[in-house]
Enquirer: 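Shown below is the structure under consideration.
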Amino acid sequence: MKLFKTFLDGLRRKKLFREFRTLDSASDHSVQVDGKEMVMLASNNYFGLNTHAEVVAGAEAALRKYGAGNVASRLIVNLKIQDELEGALAAYKQKEACLVFSSGYAANVGVLSSVVGEDAVILSDELNHASIVDGCKLSKATTCVYNHCDVAHLELLLKEHVGKKILVVTDSIFSMDGDRAPLEALVGLKNKYGFILMVDDAHATGVLDTHFPEIDICLGTLSKSLGNQGGFVCGSKDLIDFLRNSARAFMYSTGLSPASCGGALAALSVLDRETEMRERLLEHVVYLKAGMRKLGLQVEGDYHILTLATGTNEKTMKCQELLEKEGVFVTGIRTPSVSSPRLRITAMATHTKGELEKALRAFEKIVSVVR
Ligand SMILES: *Cc1c(COP(=O)(O)O)cnc(C)c1O
């Protein structure tokens, strides 16, 4: 169809056409692409829990007991393992209650489209995740965007809307920049102005958990550091009862699969027990960052997500290609997905020293491209 062709030709011309890079293996610290072994540096699976023996066993046991699918909305069929998972997540996030959604995307859309109405204002960080942006679009509230992590700008907007019902929403660790929201300052503003504070912890779960009692709506995903699938919201019992009765992305969608529930439950218990995983992850990040800097690559990132500015979309894809040739799987992120083109580089706790050394040897090949 001409409509599609014009659109696709435009993407190709701008070097923005996207294709799959397909793995013949699990998305582990090392992966198979077209029969070639590659070091995975493009993962959100920071602890490698998707292939952890206990996680796989947890998923398998739930699959055998409850079958493959929940096969209905949870308002019709609710499996005990869903309640167990929600109990474990609420305890983990130190909140009264929890509701699990089929994805983090659905959780954001479900919450934002239901908790505040047309009389309210949503104040949203400009670099918030696309699922927050889409949730705001679906909400009847007015959305105002504040400059990234800019507390002074946020306060200006709070003053402007004083007297109205306000919800402030932010990622805690930003997925494409790797920086952290000024949560302490947001809590301070909340105490001063009084608003609903919603924090999306998708990239922080297990890595840099934030347990502020002032956070009213704590959102997370089971699909990143927990290595499974699904999203969740923790908060007061009233909030969760409200969402169960009004979040359409929850009510009109089939419950999470038993295997995802069982896998996530096991992942939570592994994470709780194996605290050294977090230290290993951060050691690996420091090692990569220092090694890249030594090569002259100005890699940025204070936590576990590293970014390297590449200048242009074309150079971004050139870097991705060169790294692929060297057996390193890194994803180039182009504009307009992000404000400036970059490589997003994430280490895993399960990488071996040899894999990280291989990655650094590969990064040497892109020095001349990035300069
Ligand atoms: C990945 C992500 C989501 C979506 O979670 P899924 O479970 O993948 O749908 C939501 N918010 C943020 C900040 C994310 O990074």
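Atoms within each ligand, like the ligands themselves, are counted from 1 in listed order.
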Enquirer: For ligand 1, is there an atom lying under 4.0 Å from some heavy atom of Gly231?
Expert: no

Enquirer: Is a donor from one side chain sitting under 3.5 angstrom from an acceptor on the other, for Asn128 and Asp200?
Expert: no

Enquirer: What residues, two or more places apart in sequence or in another chain, satisfy ring pair (Phe, Tyr, Trp, His ring centres under 6.0 Å) together with Phe232?
Expert: none

Enquirer: Out of Gly230, Ala130, Gly104, who is nearest to atom 5 (O) of ligand 1 when you count heavy atoms only?
Expert: Gly104

Enquirer: Does one side chain, of Asp177 or His148, offer a donor that lies under 3.5 Å from an acceptor on the other?
Expert: no

Enquirer: With a 4.0 Å cut-off on N to O distance, would you call Lys164 and Glu160 a salt bridge?
Expert: no

Enquirer: Would you say Asp200 and ligand 1 have an N/O pair spaced under 3.5 Å apart?
Expert: yes

Enquirer: Atoms of ligand 1 less than 4.0 Å from Asn108 heavy atoms?
Expert: 10 (C), 11 (N)

Enquirer: Out of all atoms in ligand 1, which are within 4.0 Å of some heavy atom of Thr221? Include the element for each.
Expert: 5 (O), 6 (P), 7 (O)

Enquirer: Using a strict 4.0 Å cut-off to heavy atoms of His203, name the atoms of ligand 1 that fall inside it.
Expert: 15 (O)

Enquirer: Number the atoms of ligand 1 from 1 as they appear, then name those within less than 4.0 Å of a heavy atom of Ser223, with their elements.
Expert: 6 (P), 7 (O), 8 (O)

Enquirer: Please report the closest heavy-atom contact between His304 and Val207, naming both atoms and the distance.
Expert: ND1-CG1, 3.4 Å

Enquirer: Is there a nitrogen or oxygen of Tyr105 sitting under 3.5 Å from a nitrogen or oxygen of ligand 1?
Expert: yes

Enquirer: Show which atoms of ligand 1 fall inside a sub-4.0 Å distance from at least one heavy-atom site of Ala202.
Expert: 2 (C), 11 (N), 12 (C), 13 (C), 14 (C), 15 (O)

Enquirer: Going by the rule ring pair (Phe, Tyr, Trp, His ring centres under 6.0 Å), which residues pair with His161 if we only count those two or more places apart in sequence or in a different chain?
Expert: none

Enquirer: Enumerate the atoms of ligand 1 whose separation from the nearest heavy atom of Ser131 is less than 4.0 angstrom.
Expert: 10 (C), 11 (N)

Enquirer: May I ask you to decide whether Glu300 forms a salt bridge with Arg342, counting only side-chain N to carboxylate O separations under 4.0 Å?
Expert: no

Enquirer: Looking at Met348, His203, Arg278, His284, which one forms a side-chain contact (heavy atoms from CB on, under 4.5 Å) with Tyr46?
Expert: His203

Enquirer: When you measure from atom 14 (C) of ligand 1 to each heavy atom in Gln229, Lys224, Met176, which option holds the nearest one?
Expert: Lys224

Enquirer: I need the atoms of ligand 1 closer than 4.0 Å to a non-hydrogen atom of Asp171, numbered in the order shown.
Expert: 13 (C)

